[in-house]
Engineer: 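What follows is a structure written as structure tokens; I'll ask about it next.
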Number of protein chains: 2
Amino acid sequence: MTKRRVSLKDIASQLGVSVSTVSRALKDHPDLSPAIIEKVKQLAAKWNYTPNPLAMGLLKQQTNTIGVVVPDIVTHFYSSIISGIEDIAKANGYYIVISSSQESYKKEKENLNNLLNLRVDGLIVCLAQETTDYTHYDSIIEAEIPLVFFDRVCRTEEVSSVVIDNVEAAKELTIHLYKHGARRIAHIAGPSFLNITKERIEGYRKGLQLCGLTFDQNLLVHTNMSIEGAAVATNKLLSLKYPPDAIFGVNDTVIFSAMKEIKRKGLKIPDDVALVGFTDEFHATVVEPNLTAITHPTFEIGQEAARLLLNEIKSDKARTVQQISMQAKLIERESSVKLK
Amino acid sequence: MTKRRVSLKDIASQLGVSVSTVSRALKDHPDLSPAIIEKVKQLAAKWNYTPNPLAMGLLKQQTNTIGVVVPDIVTHFYSSIISGIEDIAKANGYYIVISSSQESYKKEKENLNNLLNLRVDGLIVCLAQETTDYTHYDSIIEAEIPLVFFDRVCRTEEVSSVVIDNVEAAKELTIHLYKHGARRIAHIAGPSFLNITKERIEGYRKGLQLCGLTFDQNLLVHTNMSIEGAAVATNKLLSLKYPPDAIFGVNDTVIFSAMKEIKRKGLKIPDDVALVGFTDEFHATVVEPNLTAITHPTFEIGQEAARLLLNEIKSDKARTVQQISMQAKLIERESSVKLK
DNA sequence: AAGCTTTGTGCAAAGCTTTGTGCAAACGTT
DNA sequence: AACGTTTGCACAAAGCTTTGCACAAAGCTT
């Protein structure tokens, strides 16, 4: 059990003045005599006084705390975004309370409730993969609690969000593959209801069209984005009568799993099958061959989400909905540049 | 700005009873008539009442919040440990507030202060790399604020901690390399003041001794564990008159950097240089060749640290200092098993 | 019917801070 | 000396919950 920290009351009784005098002294209130201000400040410094945030929270009806709900905190993508959120939050005197949904709809709801019960000042959320019903955001929106989505978003007319331009990025990736000789470009996608899945497929199809390639249903496989799911998908693609000469994966996990399967079959990357996807700087350079990829500006996504949220928290106007689309960069590395 | 949440007072005035009656009704106090209990409960449920944690915190002098300070939250090692902490914390109704020191002594101190000002019920800390002075923990220890260190620890007589048996693990790695034919085993170490550095060097030297190899000062290089530092260290080792035939790296970053440099020089892993180190499951299998490594039970380390801390928070006895040493496993993969 | 017990609620304090209002003492003026 | 102003501080309420204690009304006993 912790010892109680010093309060205004302690200082007041030690100095034989009232609590309000101490409070005002610490803020240099003009009504007070310089002598008492000096005395109070000295004792406060000596005793390491800091205002009790619980009392302040009760008074001001705010906690200087923002809640973050992510599918998981281990994946580099999310931890890096969290890092960006932390950066901005800390710079503005806010704390972040993190909880992970483990991609579960039920846990996402629980986490949200917990954070609301904790009275966070706002929420930054990335939807769980399982989440297809969005009604649990009704009460949050209705209660006008500041809320920002990132990456996997919903209800974008009512809630601000930070995303990358998935359509554009996917289109770019597809064209990149074509330019480097690929003619049968496959796509391992995510669950069909996720916005990122839809948008990346859209970009993929646009890219194909621009390159004069026709969309082949066999070359598009949906997965749950698990390692196992991606392995199955990859093998399905590779065992087609006319297998792909390039695969575009929807995210990290899918890519790494596909890479393993391709190698296991004795195929060469990129010569037999080129491989590209969405991931981040770090992972792209750690695998072999280095991965050509759309790298998410993860840290910046986190920063932007936090900025958006803090604006909402600080403004007393009604919600101003904003969609921020971050620029994603295609970085050309080894996995897509065929030698032959 | 958020709308105010419903309080006991709201329910009380709606029902025309006193606040204390509402409070008691919600806990089925025997003094109350069943009728009023029922009425209160119904309205509370309808209005989604939950106790205000700020008021409770003020009253009980606890926040149900634990502060976590890590060097960074992006590295898989830490994010995975955080995940373990979250797991136990959530199961016990605690929230975690995370902040990262970015390996900076100054930020570590700031973070600690912020969290204390926030009145967290306890702290879980991994020291920043820069931290060589530990006096900022004096006041925390003196104030009897529950505290647990993990991985990089200090003041172990006064503060509980969770570590892995670095000496044993490093010894095991060294012997493993010897068994697979290595005779000039180098070690890329961390900064000399960190406990993990010291312990792993100790294990390394014990291992050498047990294998009948003599310690060669040239084969031990200290780094700041950055990518660049590790690259320099690797090149220094490889350009020795008698270069190593195996390198044992102190952590992830060092390993990956070394791996890149070795490949860049056109050397083969493991045939020319075997490579082993400390890392985690995920990264070890993503690189090529797959890395033989001591994998940290990261999630479990986090869980254990959280359990230790919660025990300390809940007990009203004085601090009971415990050292928990987790078993680390050597997993044999491709990077150390020479073919020739 | 008077007195006692039981039953059901309300009051108030504590935990901590901020801030509008009130008030006493000291100072100034004439 | 008497009155008015300024100065310097204290009081109290609000924000929310829990809990010991007080108290009123109802029921019971004799």
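All chains are named by letter (A, B, ...) in the order of the sequence lines, taking the proteins before the strands, and each is independently numbered beginning at 1. None of the values given here were measured: they were computed from a predicted structure.
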Engineer: Examine D/dG15: is either OP1 or OP2 under 4.0 Å from a nitrogen or oxygen in the side chain of A/Lys60? Give yes or no.
Structural biologist: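 A/Lys60 to D/dG15 OP1/OP2: no side-chain N or O under 4.0 Å.
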Engineer: Would you say the rings of A/Tyr137 and A/Phe149 are close, in the sense that their centroids are separated by under 6.0 Å?
Structural biologist: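 Yes, the ring of A/Phe149 comes within the 6.0 Å limit of the ring of A/Tyr137, centre to centre.
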Engineer: Can you tell me how far the CD atom of A/Gln14 sits from the NZ atom of A/Lys9, to the nearest 0.5 Å?
Structural biologist: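 Answer for the CD-NZ pair, A/Gln14 versus A/Lys9, is 15.0 Å.
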Engineer: Between the opening five pairs and the closing five pairs of the helix from C/dA1-D/dT30 to C/dT30-D/dA1, how far apart are the helix axes, to 10°?
Structural biologist: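 Roughly 70° between the end axes, to the nearest 10°.
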Engineer: Please report the shortest heavy-atom distance between A/Leu58 and B/Ala55, naming the atom on each side.
Structural biologist: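 What the structure gives for the nearest pair is CD1-N, 4.0 Å.
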Engineer: Check the surroundings of atom NZ in A/Lys90: do more than 12 heavy atoms from other residues, nucleotides or ligands lie under 6.0 Å from it?
Structural biologist: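 Enclosed: over 12 neighbouring heavy atoms sit under 6.0 Å from NZ of A/Lys90.
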Engineer: Parallel, tilted or perpendicular: which one describes the rings of A/Phe150 and A/Phe77, with boundaries at 30° and 60°?
Structural biologist: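 Tilted.
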Engineer: Pick from A/Thr50, A/Asn52, A/Asp10: which one makes a side chain to side chain donor-acceptor pair (under 3.5 Å) with A/Arg5?
Structural biologist: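 Testing A/Arg5 for a side chain to side chain donor-acceptor pair (under 3.5 Å) against A/Thr50, A/Asn52, A/Asp10 leaves exactly one candidate, A/Thr50.
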Engineer: Would you call B/Arg152-B/Glu103 a salt bridge at under 4.0 Å N-O?
Structural biologist: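 So B/Arg152 pairs with B/Glu103 through a salt bridge.
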Engineer: What is the distance, to the nearest angstrom, from the CG atom on B/Leu54 to the C1' atom on C/dA14?
Structural biologist: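 In whole Å, C/dA14 C1' and B/Leu54 CG are 16 Å from each other.
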Engineer: If you measure only the distance, is there a donor-acceptor pair under 3.5 Å linking the side chains of B/Ser80 and B/Thr298?
Structural biologist: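 Result is yes, a qualifying pair exists.
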Engineer: Quick one: which of C/dT18, D/dG15, C/dA14 gets closest to the side chain of B/Leu59?
Structural biologist: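 When the side chain of B/Leu59 is considered, C/dA14 is the closest of C/dT18, D/dG15, C/dA14.
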Engineer: Can you check the B/Lys9 NZ to C/dC11 P distance for me, whole Å?
Structural biologist: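 Answer to the nearest Å: 13 Å.
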Engineer: Please give, in whole Å, the distance from D/dA10 P to A/Leu8 CG?
Structural biologist: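 Interatomic distance, CG of A/Leu8 to P of D/dA10: 13 Å.
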Engineer: Does the side chain of A/Val69 reach to within under 4.5 Å of the side chain of A/Ser99, using non-hydrogen atoms?
Structural biologist: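 With C-beta onward as the side chain, the pair touches.
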Engineer: Which of residues 20-31 of chain A have a heavy atom under 4.0 Å from DNA chain C?
Structural biologist: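 The stretch gives A/Ser20, A/Ser23, A/Arg24, A/Lys27 as the residues lying under 4.0 Å from the strand, ordered by number.
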Engineer: Want to settle it: does B/Met56 or B/Pro34 sit nearer the 5' end of DNA chain C, counting the closest nucleotide to each?
Structural biologist: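 This one resolves to B/Pro34.
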Engineer: Rounded to whole Å, please give me the gap between CG in B/Asp10 and P in D/dC16.
Structural biologist: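 Roughly 7 Å, once rounded to whole Å.
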Engineer: Would you mind reporting whether A/Tyr49 and A/Leu8 have side-chain heavy atoms less than 4.5 Å apart?
Structural biologist: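 In contact.
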Engineer: Side chain of B/Ile36 only, please: which of C/dT17, C/dT9, C/dA14 is the nearest?
Structural biologist: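 Output: C/dT9.
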Engineer: Give, ordered by number, those residues of residues 39-47 of chain B having at least one heavy-atom distance below 4.0 Å to an atom of DNA chain D; if nothing qualifies, reply none.
Structural biologist: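 None, since no heavy atom is under 4.0 Å.
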Engineer: Does a nitrogen or oxygen in the side chain of A/Gln61 sit under 4.0 Å from OP1 or OP2 of D/dA14?
Structural biologist: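 Checking D/dA14 against A/Gln61, no side-chain N or O comes under 4.0 Å of OP1 or OP2.
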Engineer: With respect to the side chain of A/Leu32, which nucleotide from D/dC16, D/dC9, C/dT17 is positioned closest?
Structural biologist: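 Looking only at side-chain atoms, A/Leu32 lies closest to D/dC9.
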Engineer: Could you tell me the separation between the CG atom of A/Asn117 and the P atom of D/dC16, rounded to a whole number of Å?
Structural biologist: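 Answer to the nearest Å: 15 Å.
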Engineer: Is A/Glu304 salt-bridged to A/Arg307, cutoff N-O under 4.0 Å?
Structural biologist: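 The answer is yes: the pair qualifies as a salt bridge.
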Engineer: With the side chain counted from C-beta on, respond yes when A/Thr21 and A/Leu32 share a heavy-atom pair under 4.5 Å apart, and no when they do not.
Structural biologist: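 Touching, per the 4.5 Å side-chain cut-off.
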Engineer: Which listed nucleotide (C/dG10, C/dC16, D/dT19) is nearest to the side chain of B/Val17?
Structural biologist: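 Of all the options, the side chain of B/Val17 is nearest to C/dG10.
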